[in-house]
2 protein chains.
Amino acid sequence: MTFIEQASDAIRDSGGRMTRQRRIIIEQIAGAQWDAESLYAELTAAGEEVSLATVYRTLSVLEGAGLLQQRYLSPDHERRVYVPLTTLQTHHFTCKGCGKVIPFETDIVGRLSSELAAGMGLQVTSGCICVEGYCVDCQEETT
Amino acid sequence: MTFIEQASDAIRDSGGRMTRQRRIIIEQIAGAQWDAESLYAELTAAGEEVSLATVYRTLSVLEGAGLLQQRYLSPDHERRVYVPLTTLQTHHFTCKGCGKVIPFETDIVGRLSSELAAGMGLQVTSGCICVEGYCVDCQEETT
DNA sequence: CCTGCTATTGCGAGTCATTTTCAACACCAG
DNA sequence: CTGGTGTTGAAAATGACTCGCAATAGCAGG
């Protein structure tokens, strides 16, 4: 079952309706992570008619349905990004030198979940990790 | 050297002045983490005269001097919190059931730093970790 | 102890991302 | 086809945070 089918089902199951706007938003976010503003710009540039408010609302609905998860890519948390669950294990490193955002894979949230469950009985449902520092290129410049 | 002395020195060294407002803000944040709004409320309640803008500005100055670090306690990142460097290894778990914020200690940022350095040559200088889920009490209720 | 230079303050206004309000609209079950 | 109600767009609201500017107050030198 594709992401789009899952999303349609989830929306209908909760008594919601599949509108033109929701469809194009879902199609766009199925492939990659987006923040509301960029997604809106992209759709508008492609000639689609949606309002920014609807983009925010739809992303929020999809998050509530468990299909997306919010993230903040950089430690200064300036913009909320939505990530399809299929890419959940990707986190991001922000370079303080050049501003580059470097994705990396790790199951560190999983390990942390185990630790918290074992040590304190906490049940982790979602986590967010932001790290910043210097990338290879910027380390060389400093040296 | 106490946190307050460190802060005074840092401010003076950079050509800044120790004002009454800065002193009371520094004294207040020396002991624990605060977000600007709460710190302002606390000081005002204690009869001190400071403006919210000054609280924000002072926290930012202290962060620039390397005495505080910003954090977001919960995954929804609704409020910026400043933490004295001495308590840096404390992270937070937010319960989606009762809203409780539970601190925990872990060197997970350290481990992640090692992984990133070894695997991709990235040099991590700071990190932020937010996890949410259900605490022991709220897990029982769900059951 | 004065004095003046200028860093800092307070206040109100300004940002910016995100949310809400509300009337008009459009899914979709019947 | 049609009505009930979930959704939308546009604009106003919100909330955290920042900025402009005139008034104030540290503090170095006299």
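Residue numbers begin at 1 in each chain, while the letters A, B, ... track the order of the sequences. None of the values given here were measured: they were computed from a predicted structure.
Distance B:Ile26 CD1 to D:dG26 P: 14 Å, rounded to the nearest Å. As a whole-Å value, the separation of B:Arg79 CZ from D:dT18 C1' is 17 Å. Rounding to whole angstrom units, CE of residue A:Met18 and C1' of D:dT7 are separated by 12 Å. Atom CG of B:Leu52 and atom P of D:dT18 are 10 Å apart (whole Å). Rounded to whole Å, atom P of C:dC27 lies 11 Å from atom CZ of A:Arg12. Between the CD atom of B:Gln70 and the C1' atom of D:dT18 there is a distance of 13 Å, given to the nearest Å. One interatomic measurement links the two molecules: CD1 of B:Ile11 to P of D:dG26, which rounds to 13 Å at whole-angstrom precision. Atom CD in A:Glu49 sits about 8 Å away from atom P in D:dG9, given to the nearest Å.
The terminal axes of the helix from C:dC1-D:dG30 to C:dG30-D:dC1, fitted over 5 pairs per end, subtend an angle of 30° to the nearest 10°.
Less than 4.0 Å separates DNA chain C from no heavy atom of any residue of residues 35-43 of chain A.
The phosphate of C:dA7 has neither OP1 nor OP2 within less than 4.0 Å of any side-chain N or O from B:Thr19. Using a 4.0 Å cut-off, no side-chain N or O of A:Gln21 falls inside it from OP1 or OP2 of C:dC27. Under 4.0 angstrom from either OP1 or OP2 of C:dA26 there lies no side-chain N or O belonging to A:Arg20. Remark: A:Ser51 is not in phosphate contact with D:dT8, judged by side-chain N or O atoms under 4.0 Å from OP1 or OP2. Contact check, B:Tyr56 against D:dC17: a side-chain N or O comes under 4.0 Å of OP1 or OP2. Note on A:Arg80: a side-chain N or O is less than 4.0 Å away from OP1 or OP2 of C:dT19.
Side chain A:Arg17 to base D:dT5: a donor-acceptor pair is found below 3.5 Å. Judged by distance alone, with hydrogens and angles left aside, A:Arg57 brings a side-chain donor or acceptor within reach of the base of C:dT21, the pair sitting under 3.5 Å.
Annotation for A:Leu122 and B:Cys135: closest pair CD2-CA, 3.8 Å, computed over non-hydrogen atoms. A pairwise comparison of heavy atoms in B:Leu62 and B:Ala7 identifies CD2-CB, 4.1 Å as the closest pair. Closest of all the heavy-atom pairs between A:Ala30 and A:Pro84 is O-CG, 3.9 Å. The minimum heavy-atom distance between B:Gly121 and A:Val136, with the atom names listed, is O-CG2, 3.5 Å.
With A:Arg12 contributing its side chain and A:Met18 its backbone, the two residues share no donor-acceptor pair below 3.5 Å. Using a distance-only test at 3.5 Å, with no hydrogens or angles considered, no donor-acceptor pair links the side chain of A:Ser38 to the main chain of A:Trp34. The backbone N or O of A:Tyr40 sits less than 3.5 Å from a side-chain atom of A:Thr44, completing a donor-acceptor pair. A distance-only check finds a donor-acceptor pair linking the side chain of B:Ser8 to the backbone of B:Ile4 [under 3.5 Å]. For the pair A:Ser14 (side chain) and A:Ile11 (backbone), a donor-acceptor distance under 3.5 Å is present.
Counted within 6.0 Å of CD on A:Glu49, heavy atoms from surrounding residues, nucleotides or ligands total 12 or fewer; the atom is thus considered open.
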